[in-house]
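Heads up: the structure comes next, in structure tokens.
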Amino acid sequence: MQVLSKSDVADLLARLVADELPGGSGLQAWDSFLRAHATLMRRLEVDLEQATGLALADFDVLAQLARAGGELRMTDLAARALISRSGMTRRVARLVEEGLVRRADTDTDARGVVVALTDAGIARLTETAPVHLRGVSDLFVARLNQKELAILKSAMDKVTVDCTFG
């Protein structure tokens, strides 16, 4: 097996990129997107957890339920929160233990499970939402003008992949 020098490895990657992404601007945009997403999510997670003790993923479950009027079928909740069904089952079980949500069978389908906010969940959401929304505002919205926000939304809508996280 031949050992490549650092410059050979770099040249190899450059050739692979040139073959798949001519011009390189696509890769630069992709790298910027990944860096922005990773740093924003890390910062929002740390700030929310330090200020409120609630994990960002738990906040997202509470917020998704609130957006839906207080309850969702487990499969719909998993799809909205971008979590696998098994991951959502574990997360919901923990939130049930904390008294923030409750589980119930659906009236229409014996196999379906509905997850609903409890009064404690609504209170926890009321406490944590301002912290999270200030972070979104300070770290993201305030750094872009209205035109940039509209362009970014349009661009991200074009590349959002419709899939489930089974």
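Computed from a predicted structure; not experimentally measured.
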Using a 4.5 Å cut-off on heavy atoms from C-beta on, say whether the side chain of Leu54 contacts that of Arg124.
-> yes
Expected output: side-chain Thr39 to main-chain Ala36 donor-acceptor under 3.5 Å = yes
Main-chain N/O of Leu133 paired with Ser137 side-chain donor or acceptor, under 3.5 Å = no
If only atom types and distance count, is the side chain of Ser154 paired as donor or acceptor with the main-chain N or O of Ala150 below 3.5 Å?
-> no
Separation between CG (Leu125) and NE2 (His132), nearest 0.5 Å, reads 10.5 Å
Say whether Ile151 and Val159 are linked into one hydrophobic cluster, either directly or through other cluster members, by side-chain heavy-atom distances under 4.5 angstrom.
-> no
Side chain to side chain contact (heavy atoms under 4.5 Å, CB included) evaluation trace for Glu49 with Leu56 | CA-CA 7 Å; Glu49 192 137 13; Leu56 184 58; over 6 Å; no
Of all heavy-atom pairs linking Ala120 and Gly99, the shortest is CB-O, 3.4 Å
Looking at Ala81 and Met88, what are the two nearest heavy atoms and their distance?
-> CB-CE, 3.6 Å
Taking it one step at a time, do Val131 and Phe59 satisfy side chain to side chain contact (heavy atoms under 4.5 Å, CB included)?
-> CA-CA 11 Å; Val131 173; Phe59 171 83; over 6 Å; no
Which distance, rounded to the nearest 0.5 Å, do you find between the CZ of Arg91 and the CG of Leu77?
-> 10.5 Å
Would you say the side chain of Gln50 lies within less than 4.5 Å of the side chain of Val46, judging by non-hydrogen atoms?
-> yes
Under 6.0 Å from the CD atom of Glu148, do we count more than 12 heavy atoms belonging to anything else shown?
-> yes
Does the side chain of Leu34 reach to within under 4.5 Å of the side chain of His37, using non-hydrogen atoms?
-> no
Under 4.0 Å between a Lys/Arg side-chain N and an Asp/Glu carboxylate O for Arg43 and Asp47?
-> yes
Donor-acceptor pair, Thr118 side chain versus Leu100 backbone, under 3.5 Å?
-> yes
Separation between CG of Leu152 and CZ of Phe33, rounded to the nearest 0.5 Å | 9.0 Å
Indicate yes or no: does Glu97 engage Arg94 in a salt bridge with an N to O separation below 4.0 Å.
-> no
For the pair Val9 and Lys6, evaluate side chain to side chain contact (heavy atoms under 4.5 Å, CB included) and give the outcome as yes or no after the intermediate values.
-> CA-CA 5 Å; Val9 171; Lys6 288 181 181 180; 5.8 Å; no
Report, as yes or no, whether the 6.0 Å neighbourhood of atom CG on Asp119 holds more than 12 heavy atoms from other residues, nucleotides or ligands.
-> no
With side chains defined as the heavy atoms from C-beta onward, is the minimum distance between Glu71 and Leu117 less than 4.5 Å?
-> no
d(Leu62 CG, Asp58 CG) to nearest 0.5 Å is 7.0 Å
Measure the OG1-CE distance between Thr160 and Met156 for me, rounded to the nearest 0.5 Å.
-> 7.5 Å
Distance, nearest 0.5 Å, that separates CG of Asp11 from OG of Ser5 = 7.5 Å
Can you get from Val17 to Trp30 by hopping between Ile, Leu, Val, Met, Phe, Trp and Tyr side chains that sit under 4.5 Å apart?
-> yes
Sidechain N-carboxylate O distance under 4.0 Å for Lys153, Asp157 | yes
Check: Gln64 side chain, Val61 main-chain N or O, donor-acceptor pair, under 3.5 Å = no
Heavy-atom pair with the smallest gap, counting every atom of Arg80 and Leu72 = CD-CD1, 3.7 Å
Path from Met41 to Leu139 over hydrophobic side-chain contacts below 4.5 Å = yes
Test item: Val92 and Met74 side chains (from C-beta on) under 4.5 Å apart, heavy atoms | yes
Could you tell me whether a side-chain N or O of Arg143 sits under 3.5 Å from a main-chain N or O of Asp138, the two making a donor and an acceptor?
-> yes
From CA spacing to verdict: side chain to side chain contact (heavy atoms under 4.5 Å, CB included), Val115, Arg102 = CA-CA 6 Å; Val115 179; Arg102 64 178 169 73; over 6 Å; no
